[in-house]
Structure formats: C-alpha cells, structure tokens
Amino acid sequence: MNLDAVSKQDWGIIGHDWAIEQLRRSLLNGRQRHAYLISGAPALGKGALAQAFAMALNCEDEAIARRPCGTCRSCRALGLGSDPDLIVAKREDGAPLKIDAIREVTRLLALKPYAARYRIAIFEDFDLVAPLAQDALLKTLEEPASFAVMILLASSPERVLPTIRSRSQTIPLRPAPLQVIKAALVERGCPEERADLIARLSGGRIAWALAAMADETILAERSETLDELSAIVKGARFERMKAAEDLSRRIGADKAAARKILEIWQTYWRDVLLQCHASLVKPCNSDRADEIRALAQRIEAREALLALEATRRTIRALSTNANLRLALDALCLDYPMLES
C-alpha cells in the first residue's frame with residue numbers, strides 16, 4: 001500500500017466507501033469483532049481493504065477518527081509487510097491453504113502481540129480451503145484471545161463453512177463504479193482514453209484496473225486473446241478445431257488460464273449482442289468498437305446470445321471435472337459461422 005495515499009476518509013481504498021464507513025464505525029464505537037469475512041470477486045480489492053483495516057486497528061494515533069494515520073511505527077511496518085503482529089496466510093504454489101498452515105496461524109494468534117494492540121491474521125482465498133482445514137479455525141473463533149483478530153478473504157463466501165460465517169462479520173464488496181475507477185486511474189497519470197478502456201474492462205475490479213495500468217502486458221495479452229477469438233469466428237470447421245487444439249496445447253490442463261481467456265471472450269460476445277440490438281451502451285471492449293459493429297451486422301442477435309451462453313456454460317464447466325480440450329472443441333463449434 002502506498003502510505004502517502006492513505007486518507008483519513010478513504011484509507012487509500014477506491015470504490016468501497018460504504019465498507020470503510022462500516023469498519024470505521026465499529027472502531028469508533030469500540031465494537032470491533034474478532035473475525036471478519038471480506039468477500040467479493042477476484043481483484044476487487046479485498047486484500048487492500050484487509051491491510052488498511054489492519055493498519056486502522058493497530059494505528060498508534062490517539063484519535064481513533066484519524067486511524068490509520070499512515071505515519072506511525074505500526075502503520076509503516078504494516079504498509080511494508082514487516083510487522084511481526086500481522087500474519088498473512090497465503091497460498092503456496094497455487095495450492096489452497098492446508099490444515100497444518102491454519103493450525104500454525106492459530107498457534108501464533110494465541111501469542112501476545114509483540115508491540116501492537118492486536119495480533120492480526122489475514123487468510124487469503126479462504127473459500128478454497130478444504131472443509132476439514134477450515135474447521136481447524138473454529139476453536140479459535142469460538143474462544144478467541146482478546147487481542148486476536150482474523151480477516152478471511154473469499155471470492156465465494158458460500159464455500160466458507162456456515163459455522164465460520166456465523167461467527168464473522170461479513171463485508172461483501174461490490175464492483176466499483178466505472179467512473180470512480182476511471183477517475184482514480186486518470187488521477188494517477190493514466191491517459192484518459194486508456195483509463196476509460198481499462199475501467200470498462202475491469203468490471204469494477206479496482207485491483208485489476210491498477211495492475212493493468214501499471215503493466216502493459218495485461219492489455220497486450222488480452223488483445224492477443226481477442227485476436228484468437230476473431231480468427232475462430234472467421235474460420236471454417238477445420239480451422240476452428242485446429243484453433244481449439246492449439247489453445248488447449250498452449251494452456252495444458254490449466255483451467256484457471258482457460259477461465260481467464262473465456263471471461264475475455266464473454267465480454268466480447270456481450271458487446272456484440274448489445275450492438276445487435278443497437279444499444280447505445282459503449283462497448284466494454286471500446287478499442288474494438290468497429291470490429292464489434294461489423295460482426296453484429298453479419299450475425300443475428302439470437303446467434304450472439306447463443307455464443308454468449310455457450311461461453312458462460314463452458315466457464316461453468318471449468319468448475320467441474322469436464323475435459324478441457326473437449327469443452328474448447330465444443331465451444332468453438334458453437335460459435336456462429338459467418339457466410340462467405
């Protein structure tokens with residue numbers, strides 16, 4: 001977190017004012033909980049909010065309303081990730097947290113803080129943790145030390161055990177408004193046209209938007225992904241099967257990579273469908289507006305809808321044991337054929 005950006009009003013967090021206000025009120029009223037469940041889509045800013053809240057909890061400023069100040073020893077240590085009273089339980093090698101890792105965190109939480117007010121543990125992607133491993137946290141939730149605070153991050157809160165959800169204060173984050181994200185990017189020096197594109201592509205995910213602004217390869221890879229889709233749509237049956245084979249070979253069995261690609265294709269088909277209905281809504285993929293308009297003139301709205309539904313269906317299939325290669329083959333054949 002950029003400490004210079006920490007504000008008494010917004011904690012340096014973009015687009016989640018209501019959540020900040022809720023957490024701030026709990027601090028002002030002395031009603032902070034021992035466990036919080038911050039939920040929302042990936043790259044929505046859950047981690048940034050958790051870190052900012054940890055700073056507010058342990059900030060040394062005497063005035064609660066000014067926390068986090070961003071300048072005291074605790075705020076700076078937390079901002080640099082070097083505070084011994086903050087424990088961040090992360091996934092290793094892409095695998096969900098294991099039961100031993102969670103037990104180790106609960107052991108550390110039971111120790112008195114070194115120098116801060118609270119010992120705080122942040123659990124990333126807790127919804128991916130196996131139920132048995134999640135259950136290892138239950139005893140700590142039922143009998144927490146007075147100085148222990150747990151912050152669970154989850155994209156799918158329904159995958160968190162009900163016994164844990166019921167003992168946590170839930171903070172469900174929502175996508176940030178497009179104009180809020182665009183303004184934040186422009187304020188950070190992003191050219192307005194590029195900021196508008198990134199904001200539209202972000203789907204309200206501020207963390208993704210900031211990453212795309214800082215790393216040009218993110219938009220470059222997205223452009224390559226859309227070029228692949230364009231080639232598939234223009235191709236005949238044989239060419240589509242070859243494209244599916246090449247794509248499958250490139251990503252292997254990595255369903256996360258496949259989901260990333262299909263989510264980009266999904267935004268494209270949504271744009272095409274809206275254009276088929278002559279919608280005045282600006283395309284999400286605004287840099288491809290002419291291409292989208294041209295495709296919408298060659299297919300019917302029904303075909304665009306079927307393509308969008310097929311893409312969504314394939315994304316859902318990635319959460320099952322579906323064969324990735326076969327799923328991609330079927331999807332490419334489901335897309336509308338263009339007349340010569």
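Just so you know, these numbers use all the heavy atoms, side chains as well, and skip hydrogens, waters and symmetry mates. This is a predicted model, so every value here is computed, not measured.
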Report yes or no: does [X] contribute a side-chain atom to a donor-acceptor pair with the main-chain N or O of [Y] at less than 3.5 Å?
| X | Y | value |
| --- | --- | --- |
| R205 | P175 | no |
| S223 | L219 | no |
| N58 | Y118 | yes |
| N323 | R325 | yes |
| D215 | A211 | no |
| K46 | A41 | yes |

| Non-neighbouring partners of A289 that pass side-chain contact (heavy atoms from CB on, under 4.5 Å), sequence neighbours left out | P283, R293

| message | Just to verify, what does R313 make a side-chain contact (heavy atoms from CB on, under 4.5 Å) with, not counting sequence neighbours? | response |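 For R313, the residues satisfying side-chain contact (heavy atoms from CB on, under 4.5 Å) (neighbours in sequence not counted) are A310, R316, D334.
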
Considering only Ile, Leu, Val, Met, Phe, Trp and Tyr, and joining two whenever side-chain heavy atoms are under 4.5 Å apart, list the other residues clustered with [X].
| X | result |
| --- | --- |
| L132 | I99 |
| M241 | L333 |
| L178 | none |
| Y114 | none |

Residue pairs passing the ring-ring contact (aromatic ring centres under 6.0 Å, His included) test where at least one lies in [range], sequence neighbours excluded:
| range | result |
| --- | --- |
| residues 40-76 | Y36-F53 |
| residues 200-221 | none |
| residues 253-277 | W269-Y335 |

| query | Heavy atoms, side chains only, cut-off 4.5 Å: are S286 and K282 in contact? | reply | yes

Closest non-hydrogen atom pair between [X] and [Y], with its separation:
| X | Y | value |
| --- | --- | --- |
| A207 | G45 | CB-N, 4.2 Å |
| L295 | V272 | CD2-CG2, 3.9 Å |
| G204 | L44 | O-CD1, 3.3 Å |
| Q51 | I122 | N-CD1, 4.3 Å |

Electrostatic pair [X]-[Y], nearest N-O below 4.0 angstrom:
| X | Y | result |
| --- | --- | --- |
| E21 | R24 | yes |
| E303 | R298 | no |
| E245 | K242 | no |
| E60 | R67 | no |
| R119 | D85 | yes |
| K260 | E221 | yes |

Using distance only, find each side-chain donor-acceptor pair of residues 152-165 under 3.5 Å and give its atom names and separation, not counting sequence neighbours.
| unit_1 | atom_1 | unit_2 | atom_2 | d |
| --- | --- | --- | --- | --- |
| R165 | NH1 | P157 | O | 3.4 |
| R165 | NH1 | E158 | O | 3.4 |
| R165 | NH1 | V160 | O | 2.5 |

Would you say [Y] ends up clustered with [X] if hydrophobic residues are merged whenever their side chains have heavy atoms under 4.5 Å apart, either directly or through other cluster members?
| X | Y | result |
| --- | --- | --- |
| I171 | V88 | yes |
| M337 | L308 | no |
| L37 | L128 | no |

| request: Determine whether the side chains of R288 and S230 contain a donor N or O and an acceptor N or O closer than 3.5 Å. | output: no

| task | Ignoring hydrogens and angles, state whether a donor on the side chain of S74 or R117 is under 3.5 Å from an acceptor on the partner side chain. | result | no

| query | Which value, rounded to the nearest 0.5 Å, describes the distance between E300 atom CD and L306 atom CG? | reply | 10.0 Å

| message | How long is the straight-line distance from CD of E228 back to CG of D246, given to the nearest 0.5 Å? | response |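 Those atoms lie 8.5 Å apart.
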
| query | Looking at residues at least two apart in the chain, or sitting in another chain, which of them share a salt bridge (Lys or Arg N to Asp or Glu O under 4.0 Å) with R200? | reply |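 Only D196 meet the salt bridge (Lys or Arg N to Asp or Glu O under 4.0 Å) criterion with R200.
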
| How would you list all residue pairs meeting salt bridge (charged side-chain N to carboxylate O under 4.0 Å, His left out) that involve residues 126-151, not counting sequence neighbours? |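 Every pair satisfying salt bridge (charged side-chain N to carboxylate O under 4.0 Å, His left out) with a residue in residues 126-151: K139-E143, E142-R167.
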
| D287 and R222: CA distance, side-chain angles, deciding distance, salt bridge (Lys or Arg N to Asp or Glu O under 4.0 Å) verdict | CA-CA 12 Å; D287 58 336; R222 165 234 167 218; 2.7 Å; yes

| More than 12 heavy atoms from other groups under 6.0 Å of CZ on R270 |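 No - once you tally the heavy atoms of other residues, nucleotides and ligands closer than 6.0 Å, there are 12 at most.
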
